[in-house]
Student: 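This structure is in structure tokens; I'll ask about it shortly.
Sequence lines set the chain letters: A, B, ... in the order given, protein chains first and strands last, and positions in each chain run from 1. Below, all heavy atoms of this structure are taken into account, side chains as well, without hydrogens, waters or symmetry copies.
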Number of protein chains: 2
Amino acid sequence: MTAAPQGSDDPVAPVPADAVALGDLDGSVSFMLRIAQVTVYDRIFSAEADLPLKLGEHTVLKVVGDNPGARQGAIADKLMIKWSHMTKVVSGLEERGLVERYVPPQDRRSVFLRLTDAGRHVVADMNLRLDALDAGATAALDADDRAELLRLLHKILGWPSATSS
Amino acid sequence: MTAAPQGSDDPVAPVPADAVALGDLDGSVSFMLRIAQVTVYDRIFSAEADLPLKLGEHTVLKVVGDNPGARQGAIADKLMIKWSHMTKVVSGLEERGLVERYVPPQDRRSVFLRLTDAGRHVVADMNLRLDALDAGATAALDADDRAELLRLLHKILGWPSATSS
DNA sequence: GCAATATAATTCACTTGTAAACAATCCCGG
DNA sequence: CCGGGATTGTTTACAAGTGAATTATATTGC
């Protein structure tokens, strides 16, 4: 590739239309994770655009519902959301009346979160729809593939493989 | 901020320290992809903080190097970067002297990209380091696991499984 | 040739997410 | 009690990324 093209008038190449080669990038776990994640999110939202919550909001609300009395920061850590961002997300959810902040008297620095009835309702609605959307966005995978993928992702994270269900 | 309700209000819970339960969220492909992706990126950057490029910048430069004469938008599409964002990234790389924009005479709307010598050098440097960092961030996986994971991610995307070594 | 339309990239306004400084509170050793 | 230090959450400024409108060029139909 050192054809020493001078100036700005060199031919460079005929013009490879839209077939761009990724080279060995498709063997990079970090790259493939990003592409796959972006693609799956895109598919979920293009499949059904009228969702009442963004995916991140849903996970927050769901975990809040499953962990009454959990500190906001602890939930943020578990979901790998920065505290500063968590503050924004929770404020947004609170303004929409889906969660309540509650400062417990035994440690007035911390903030506990509780679902409102509206919050519980929205989460339940999303839970129902998301299973199908999640599966639909990865429809190329059969059940075994999906289980295997989840196992590998858990393994990366050092999480106990959830054989629960 | 609600006034701390005490007395008749429920105690919520003793306070589950930092053991937050995710429930069945760890069985959601979209959620697990996000968590895994964020974790892997974090690990790569905490492992070696003095990288000359961010991961996204590296992929752009690498693909530019592998596809001389490719339009900027075609590369953006392949990498799932929006054109408006691609403009920013390329401008940043151009300012640092790593790529050159080149408007071909046969279609003066489009922009071709070319690595500069400095760009080539930086990409080569990153290529060397990233293989190890990528593997290090997923050290919990053995070679078979990694190959299987990549196969499944390719399958989600509908990409031909690259068994090319 | 020329208007209408499509395409490529950019700009601008905005959302999402991060980093660093800050304020409030708790804890611990004198 | 009380001062230093740690913890928790918020604020502020910024970076990453998206979407709609804009500019410039190309293409197509008449």
Student: Quickly work out the A:Leu55 CG to C:dT15 P distance and round it to whole Å.
Tutor: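 Rounded to the whole Å, the gap is 18 Å.
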Student: Please confirm whether the shortest side-chain N or O distance from A:Arg71 to OP1 or OP2 of C:dT25 is below 4.0 Å.
Tutor: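 Checking C:dT25 against A:Arg71, no side-chain N or O comes under 4.0 Å of OP1 or OP2.
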Student: Under 3.5 Å, is there any donor-acceptor pair linking the side chain of A:Lys88 to the base of C:dG17?
Tutor: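 Side chain to base: pair present.
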Student: Without swapping roles, check the side chain of A:Asn67 against the backbone of A:Val63 for a donor-acceptor pair under 3.5 Å.
Tutor: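 Yes: the side chain of A:Asn67 pairs with the backbone of A:Val63.
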Student: Does C:dT10 have its OP1 or OP2 closer than 4.0 Å to a side-chain nitrogen or oxygen of B:Gln72?
Tutor: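 For C:dT10, OP1/OP2 do have a side-chain N/O of B:Gln72 under 4.0 Å.
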Student: To the nearest angstrom, how far is A:Asp42 atom CG from D:dG17 atom C1'?
Tutor: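 Rounded to the whole Å, the gap is 12 Å.
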Student: Measure the distance from CD on B:Gln106 to C1' on C:dA8 and round it to the nearest whole Å.
Tutor: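 Interatomic distance, CD of B:Gln106 to C1' of C:dA8: 13 Å.
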Student: Is there a side-chain contact between B:Glu57 and B:Arg96 in this structure, where contact means two heavy atoms from C-beta onward sitting under 4.5 Å apart?
Tutor: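 They are in side-chain contact.
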Student: Start at the 5' end of DNA chain D and walk down; is the nucleotide closest to B:Ser84 or to A:Trp83 reached first?
Tutor: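 Taking each residue's closest nucleotide, the earlier one in sequence belongs to A:Trp83.
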Student: Could you tell me whether B:Lys54 contacts a base, only the sugar-phosphate backbone, or nothing, with contacts defined as non-hydrogen atoms closer than 4.0 Å?
Tutor: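 If one applies the 4.0 Å heavy-atom cut-off, B:Lys54 turns out to touch the sugar-phosphate alone, with no base involved.
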Student: Do B:Trp83 and B:Val60 belong to the same hydrophobic cluster, where Ile, Leu, Val, Met, Phe, Trp and Tyr are linked whenever their side-chain heavy atoms lie under 4.5 Å apart, directly or via other members?
Tutor: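 No, B:Trp83 does not connect to B:Val60 through the hydrophobic network.
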Student: Starting from P on C:dT18, measure out to CZ on B:Phe45 and report it in whole angstrom.
Tutor: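 So the CZ-P distance, B:Phe45 to C:dT18, works out to 13 Å.
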Student: Give a yes-or-no answer on whether the side chains of A:Ser91 and A:Arg101 include a donor-acceptor pair shorter than 3.5 Å.
Tutor: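 Present: a donor and an acceptor within the cut-off.
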Student: Could you check if a side-chain atom of B:Leu98 sits within less than 4.5 angstrom of a side-chain atom of B:Leu53, using non-hydrogen atoms only?
Tutor: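 When only atoms from C-beta onward are counted, B:Leu53 and B:Leu98 do touch, with a gap below 4.5 Å.
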Student: Between atom CD in B:Glu94 and atom P in C:dA9, what is the gap in whole Å?
Tutor: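 Result: 13 Å.
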Student: Check the distance between C:dA8's C1' and B:Lys82's NZ and give it to me in whole angstrom.
Tutor: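 Result: 16 Å.
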Student: Do any side-chain nitrogens or oxygens of A:Arg108 fall under 4.0 Å of OP1 or OP2 in C:dA24?
Tutor: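 Answer no for this pair, as no side-chain N or O of A:Arg108 is under 4.0 Å from OP1 or OP2.
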Student: What's A:Ser110 touching, base or sugar-phosphate or nothing? Going by heavy atoms closer than 4.0 Å.
Tutor: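 Sugar-phosphate contact only - A:Ser110 comes under 4.0 Å of backbone atoms but never of a base.
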Student: If you find the nucleotide of DNA chain C closest to B:Met86 and the one closest to A:His85, which residue's nucleotide is nearer the 5' end?
Tutor: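 Upstream on the strand: B:Met86.
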Student: Could you state the CG-C1' distance from B:Leu79 to D:dA16, rounded to the nearest angstrom?
Tutor: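 Nearest whole value for this atom pair: 15 Å.
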Student: Taking atom C1' of C:dT18 as reference, at what distance in whole Å does atom CE of A:Met80 sit?
Tutor: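 Between C1' of C:dT18 and CE of A:Met80: 13 Å.
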Student: Could you pick out which residue, A:Asp107 or A:Ser91, lies toward the 5' side of DNA chain D when each is mapped onto its nearest nucleotide?
Tutor: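 In this pair, the answer is A:Asp107.
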